[in-house]
Amino acid sequence: SIPPLAGALELLQQGHASSLAPANASALELLAGPVRLESGEGAGPGSAAQETALRALLIDPQTCGPLLAAVPGQAAEAAVGSLRRAGFPAAALVGRVLG
């Protein structure tokens with residue numbers, strides 16, 4: 001349940017994407033099975049085109065890496081609270097790793 005940055009989907013739909021996005025897509029395909037991108041609980045209905053665009057944003061190197069951090073589950077709420085107090089009001093829990 002990662003919200004896209006303002007304007008990111010529109011730029012993607014206009015054909016703008018990182019030159020490294022195809023390599024990331026290939027890497028994700030190699031990990032098929034153990035790694036899956038899924039819509040979050042309560043994500044709401046969306047079109048197939050929108051789902052494809054959101055997945056493309058998640059693998060684009062300019063929009064995926066610096067926005068995410070992994071922390072132990074029991075520390076997640078505290079980490080988000082700390083980020084918000086530090087001036088990042090959009091900080092949110094967006095996913096979890098399932099074993």
Side-chain angles (χ1 to χ4, degrees):
S1 58
I2 301 173
L5 296 172
L9 285 174
E10 292 81 7
L11 288 170
L12 187 65
Q13 291 168 340
Q14 294 171 11
H16 301 283
S18 168
S19 61
L20 296 177
N24 280 3
S26 295
L28 183 59
E29 286 179 28
L30 291 173
L31 295 172
V35 175
R36 293 186 323 269
L37 302 178
E38 296 181 355
S39 296
E41 295 175 16
S47 71
Q50 182 180 21
E51 182 83 14
T52 299
L54 289 172
R55 286 176 185 265
L57 285 177
L58 290 176
I59 61 167
D60 188 290
Q62 296 188 59
T63 55
C64 68
L67 302 176
L68 301 176
V71 297
Q74 67 273 18
E77 292 288 343
V80 170
S82 293
L83 286 166
R84 289 179 179 163
R85 286 188 298 280
F88 300 95
L93 296 177
V94 297
R96 60 189 173 136
V97 176
L98 302 175

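Residue indices begin at 1 and follow the sequence shown. Side chains included, hydrogens not; waters and symmetry mates left out as well; all remaining heavy atoms used.
In terms of heavy-atom proximity, A76 sits nearest to L93 at CB-CD2, 3.5 Å.
Distance alone, capped at 3.5 Å, is enough to place a donor-acceptor pair between the R84 side chain and the A91 backbone. Formation of a donor-acceptor pair under 3.5 Å by the R85 side chain with backbone atoms of G81 is found in this model.
Other members of the hydrophobic cluster containing F88, listed by chain and number, are L83; membership follows side-chain contacts under 4.5 Å among ILVMFWY residues, whether direct or relayed.
With sequence neighbours excluded, the residues satisfying side-chain contact (heavy atoms from CB on, under 4.5 Å) with A25 are I59. L9 is linked by a side-chain contact (heavy atoms from CB on, under 4.5 Å) to P4, A53, L54, L57, counting only residues two or more places apart in sequence or in another chain.
Around CD of E10, the count of heavy atoms belonging to other residues, nucleotides or ligands within 6.0 Å exceeds 12.
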